[in-house]
Amino acid sequence: MVSRLVQNTKVMKHAATFLLPSSAVSATNRLAQTYALVVLNQQIPKFTPLLWSHAKLRICADGGANRIFDGVPKLFPDQNQLNIQHRYVPNVIKGDMDSIRPEVHQFYAELGSEIIDNSENQDTNDLHKCISFIREQTSAFDHSNFCTLVTGALGGRFDHEAANLNALYVFSDMRIVLLSDDCQIRLLPKTHQHEIHIQSTIEGPHCGLFPIGGPSVSTTTTGLTWDLCNSEMKFGSMISTSNKVREEKVTVCSDADLLWTISLKTPIHMGLTC
Amino acid sequence: MEVMWHASSFLLPQPQPQEPREDAPPPPPAALTYALIVLNQRLPRFAPLLWNRAQLRVCADGGANRVYDDMPKLFPDQDPQEVRLRYTPDVIKGDLDSIRDDVKEFYLNLGVRIVDESHDQDTTDLHKCVAYVSGSAPVEDKSKLCILVVGALGGRFDHEIGNINVLHRFSNLRIVLLSDDCLIHLLPKTHSHVIHVQLPVEGPHCGLIPIGAPSARTSTTGLQWNLSDTAMSFGGLISTSNVVKEDKVTVSSDADLIWTISIKKPIKE
């Protein structure tokens, strides 16, 4: 079969360096990026402080502020809880403001968080609003070196999860990574060939590739246990789940936008003292 | 186009008599035969309700651990062993690499059929269980079979997506994935759909999601934000954070859609 892949020399590189301690990231400078963190309203992953330490911009979407307020101190049970709360203050709290508790709202407002009330705009969900905001703030940045990390996008109500996955497609020119305790998810846009550098101390081996937006006529990979070779993928038929990474570099080339997911190893060493 | 009826009456505490409607015959929930598949995640709080509805109960591998550990927790005032004896699966099936030895022995001693399918690595545990249920369920007309699944959502994302793909691969079967927060099922494009919303137990939050392929035209009635020959796709519009406005919702589309609706808390047994 003649490959229908566009002959495209644009390569997009991916690496989960945000899951390494800061000292390790500076050693691999070629992949260093600028990060923003968006915290949505689900239980925060255990490595949230590590993400927080990497991020230059920290945004809570509405009830995500409750999650930071309640959840981060629990990750440092031996430390003074109020001190922890003072150290993890978001730059911005944005959204409908129908989930954030009044005392949490007041606490962060007094410590200087910018509170942006979006309750008049019901057309897009909290994650979409936060990413639009980040996009406006960072228009001067080179988007290829900027990455938005998101916690709390998975689990809970399925329609919320679907809307959060859709944000990856709607903002497909931005790097966005959805994170949970179990896994991370990114979009691999069809406009590029992809190189994914696996940090095997913290991620893998379980992985998958999914054409949720529409079928793929031809996808080719290297570095996986079950590589695809000009393979067709579609819902109702074959999609790549329960695959495994076999090498430190995985490549993906497809005629369709794909979601890439890889499992996270636990525990992730925080690599920081609070 | 043929109409397909849906009703989450399996979430009601006991079978409710259906009021005859002038505009359409009521769905025959009492005529549906239910099967339950338990996957390897914490049981939702209404698992006993589903268990009691089902005529066939299958655990997929580590789902057996969940029944063994979690059912007693849902009846904290009762003796754990008595609860386990009351909630014994008919079959345990799958790779058997997650089921604990003590759990396996307990169910073996009770005569539960344990089927090792570790030789088959091509399909997921849910796929194997659905194929088994479809072949074994005590109902001749498969349109009267409804397979309820717990533990399919959440956890590892590739498992969740693989489980959703089972809905697409078995699009001729009624399969409902349930969690504490919501349920999802496929609305195949081969039919137009009428969903009788069980307002005491589900809603109001709902959504319609075109997973796998875009929709050029979808129309609905009964929602806060109805669609009218509306296109839906990832990267564009998908219907999320919608709200059921009437107890009858209709959906008609050129694409397979995932319907999702929130489950109210608490559901009493």
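In what follows, every chain begins at residue 1, and chains take the letters A, B, ... in the order their sequences are listed. Every heavy atom of this structure was used, including side-chain atoms; hydrogens, water molecules and symmetry mates were not.
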inquiry  = Donor-acceptor pair, distance only, cut-off 3.5 Å: does the side chain of B/N65 make one with the backbone of B/R100?
reply    = yes
I'd like to know which of [options] tops the heavy-atom pair count under 4.5 Å against chain A.
{"options": "B/I209, B/I261, B/L153", "result": "B/I209"}
{"options": "B/C182, B/G235, B/C206, B/G236", "result": "B/G235"}
{"options": "B/G207, B/S241, B/S233", "result": "B/S241"}
{"options": "B/T124, B/L208, B/I211, B/L186", "result": "B/I211"}

Contact between [X] and [Y] at the side-chain level, heavy atoms closer than 4.5 Å - yes or no?
{"X": "B/H159", "Y": "A/S242", "value": "yes"}
{"X": "B/L178", "Y": "B/I263", "value": "yes"}
{"X": "A/Y169", "Y": "A/I212", "value": "yes"}

Hey, which of [options] has the most heavy atom pairs under 4.5 Å with chain B?
{"options": "A/I239, A/L154, A/D181, A/L187", "answer": "A/I239"}
{"options": "A/S263, A/G156, A/S172, A/C183", "answer": "A/G156"}
{"options": "A/L209, A/N243, A/I185", "answer": "A/I185"}
{"options": "A/A167, A/A162, A/S237", "answer": "A/S237"}

For [X], which atoms come within 4.5 Å of any heavy atom of chain B: side chain, backbone, both, or neither?
{"X": "A/S240", "answer": "neither"}
{"X": "A/P215", "answer": "both"}
{"X": "A/T261", "answer": "side chain"}
{"X": "A/F158", "answer": "both"}
{"X": "A/L168", "answer": "neither"}
{"X": "A/Q184", "answer": "neither"}

request  = State which residues pass ring-ring contact (aromatic ring centres under 6.0 Å, His included) with B/H193; sequence neighbours excluded, sorted by chain then number.
outcome  = B/H6
Heavy atoms from other residues, nucleotides or ligands near [atom1] of [X] exceed 12 (cutoff 6.0 Å):
{"X": "A/R246", "atom1": "CZ", "result": "yes"}
{"X": "A/K74", "atom1": "NZ", "result": "no"}
{"X": "B/E117", "atom1": "CD", "result": "yes"}

inquiry  = Checking B/D180 against B/R45 for the salt bridge (Lys or Arg N to Asp or Glu O under 4.0 Å) test, could you report, in this order, the C-alpha distance in whole Å, the side-chain angles of both residues, the deciding distance, and whether it holds?
reply    = CA-CA 7 Å; B/D180 271 312; B/R45 64 191 177 284; 2.5 Å; yes
Residue pair A/N125, A/N164: steps toward the side chain to side chain donor-acceptor pair (under 3.5 Å) verdict = CA-CA 8 Å; A/N125 84 342; A/N164 294 334; 3.0 Å; yes
ask   = Does any heavy atom of chain A fall under 4.5 Å from the side chain of B/I184, the backbone, both, or neither of them?
value = side chain
